[in-house]
Protein chains: 2
Amino acid sequence: MTHQSRITQGRKFDQVRNGAAEIFLRDGFSGASVDDIARSARVSKATLYSYFPDKRLMFREVLRSTLDDAFKQLPFDPDQSGPASEALPIIMTGLAQWLMTEPRLHLHRVVIAEAARFPEDAQTYDRTMNDRIVAPLARLIEGWIALDEVRLHDAMTSARQMVAMLIGQLQHRALLDGADLAPDRADDTAAATASLFLAAYS
Amino acid sequence: MTHQSRITQGRKFDQVRNGAAEIFLRDGFSGASVDDIARSARVSKATLYSYFPDKRLMFREVLRSTLDDAFKQLPFDPDQSGPASEALPIIMTGLAQWLMTEPRLHLHRVVIAEAARFPEDAQTYDRTMNDRIVAPLARLIEGWIALDEVRLHDAMTSARQMVAMLIGQLQHRALLDGADLAPDRADDTAAATASLFLAAYS
DNA sequence: GTCTATATACGGATAGAC
DNA sequence: GTCTATCCGTATATAGAC
């Protein structure tokens with residue numbers, strides 16, 4: 001096991017996967033054509049099919065690897081220290097920027113769009129977001145509760161609420177409006193989210 | 001102008017539009033085939049094309065009319081009276097149930113999925129949700145502020161936050177999880193949303 | 001291993017009968 | 001106005017040369 005155990009072999013595997021990702025994330029599953037993918041990957045169609053048995057598995061691999069990549073950069077520092085009133089706005093700002101940076105925006109759209117056709121992958125996406133974002137945030141809140149910086153309440157619920165607020169206000173609107181993501185608006189939204197929580201619980 | 005001025009003429013117009021809606025809302029634009037639509041509408045393809053010049057316009061008419069239908073039932077009573085602490089949970093519960101009832105759930109998915117291909121319709125959707133949900137809610141909040149039931153703050157911001165919380169926690173997860181929408185969970189989420197707001201501002 | 005060329009089916013759209 | 005039958009481009013997938 002000196003190398004990966006996944007089937008990532010073949011000289012052009014990454015080239016193919018990246019080309020497929022570009023097209024699938026832009027056009028969705030049904031909207032993407034294998035010809036476009038081959039062009040984007042600069043490979044022939046026959047080469048594509050030497051790596052993947054069909055279009056569906058190509059798509060699933062794109063979802064899997066894109067989700068994997070999405071967390072290469074951490075949404076926020078899980079060991080954030082300092083009082084809640086200072087740390088929370090920083091955390092929300094980091095999370096907001098994380099949510100608004102590609103490929104997370106396109107991934108979000110495509111997963112929702114194809115959830116009925118690829119229910120397992122949609123659930124994996126949902127579960128991963130919970131495990132990697134909501135749960136760590138809840139643990140931070142519990143820490144503040146233990147230190148009496150924040151009033152006792154259900155931390156998991158408020159973590160979910162804050163994440164939903166950011167996703168709803170930022171990703172949702174960015175996808176609908178297409179308005180080129182003004183980063184300062186993300187910061188404002190993050191600050192308002194932290195304020196609401198702090199007003200309620202501190 | 002005794003009748004509609006829109007081009008809703010022809011005996012089978014509704015039949016065609018409803019059949020198209022069923023397939024488009026289920027499969028998205030690219031995933032839907034005109035053959036499926038014809039079958040679902042129980043009409044021949046030639047008949048479809050006698051009502052719509054092409055598939056794209058068929059899709060846009062489905063979005064338009066479905067969005068129209070979505071507001072036939074009001075999301076909540078805009079003249080809700082009574083103190084904020086009683087009225088707000090009722091309003092949030094009504095809104096939560098509204099969001100979780102078809103065809104709103106499928107419409108939400110499809111609009112996001114196709115926002116890049118149909119940007120105007122995505123913006124119309126976004127604007128309509130704001131005008132019909134967020135803005136009325138903000139006006140209610142301003143009423144409570146005027147009566148000193150709620151502390152002074154930016155009502156539009158908190159209205160946006162609450163709506164985003166509901167959409168993010170309910171629609172979002174229902175679409176990803178497919179888990180048959182347990183209505184009592186919608187009620188819990190609505191109650192928690194109202195609680196957060198009231199804890200922060202009353 | 002990767003390509004060109006092709007098999008085969010299905011897509012959107014239309015002609016013409018009734 | 002609505003249908004049956006069909007056009008024709010494009011889709012996914014593969015055979016066979018190199």
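Each chain gets a letter, A, B and so on, in the order its sequence line appears, and its residues count up from 1.
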Integer-rounded Å distance: dG1(C) P and Gln15(A) CD: 15 Å
If you take any heavy atom closer than 4.0 Å to DNA chain D, which residues from residues 23-53 of chain A end up in contact? Ala32(A), Ser33(A), Val34(A), Asp35(A), Lys45(A), Ala46(A), Tyr49(A)
Decide yes or no for Gln73(B) and Arg104(B): does some side-chain heavy atom of the first lie under 4.5 Å from some side-chain heavy atom of the second? yes
Tell me: NZ of Lys12(B) to P of dT2(D), nearest whole Å? 5 Å
Distance check: side-chain N/O of Arg11(B) vs OP1/OP2 of dT2(D), anything under 4.0 Å? yes
Per-helix bend value, the helix from dG1(C)-dC18(D) to dC18(C)-dG1(D), C1' rotation axes over five pairs per end, 10° rounding, shows 10°
Do Arg160(B) and Met156(B) make a side-chain contact, defined as non-hydrogen atoms from C-beta onward lying under 4.5 Å apart? yes
Looking at dT12(D), dG12(C), dT2(C), which one has an atom nearest to any side-chain atom of Lys55(A)? dT12(D)
Rounded to whole Å, the CE-P distance (Met58(A) to dA11(D)) equals 14 Å
Pair Met162(A)-Leu95(A), side chain to side chain contact (heavy atoms under 4.5 Å, CB included): steps then yes or no: CA-CA 10 Å; Met162(A) 284 193 277; Leu95(A) 182 51; over 6 Å; no
Decide, yes or no, whether a salt bridge links Glu61(A) with Arg64(A) under the criterion of side-chain N to carboxylate O below 4.0 Å. yes
salt_bridge(Asp36(B), Arg39(B)) N-O dist < 4.0 Å: yes
Whole-Å distance between dG1(C) C1' and Phe13(A) CZ? 15 Å
According to the interplanar angle, ranging from 0 to 90°, do the rings of Phe13(B) and Tyr51(B) count as parallel (below 30°), tilted (30 to 60°) or perpendicular (above 60°)? perpendicular
Mind running side chain to side chain contact (heavy atoms under 4.5 Å, CB included) on Tyr201(B) and Trp144(B) for me, showing each step along the way? CA-CA 10 Å; Tyr201(B) 294 121; Trp144(B) 295 326; over 6 Å; no
State whether Asp188(A) and Arg185(A) are salt-bridged, where the test is any N-O pair (Lys NZ or Arg NE/NH1/NH2 against Asp/Glu carboxylate O) under 4.0 Å. no
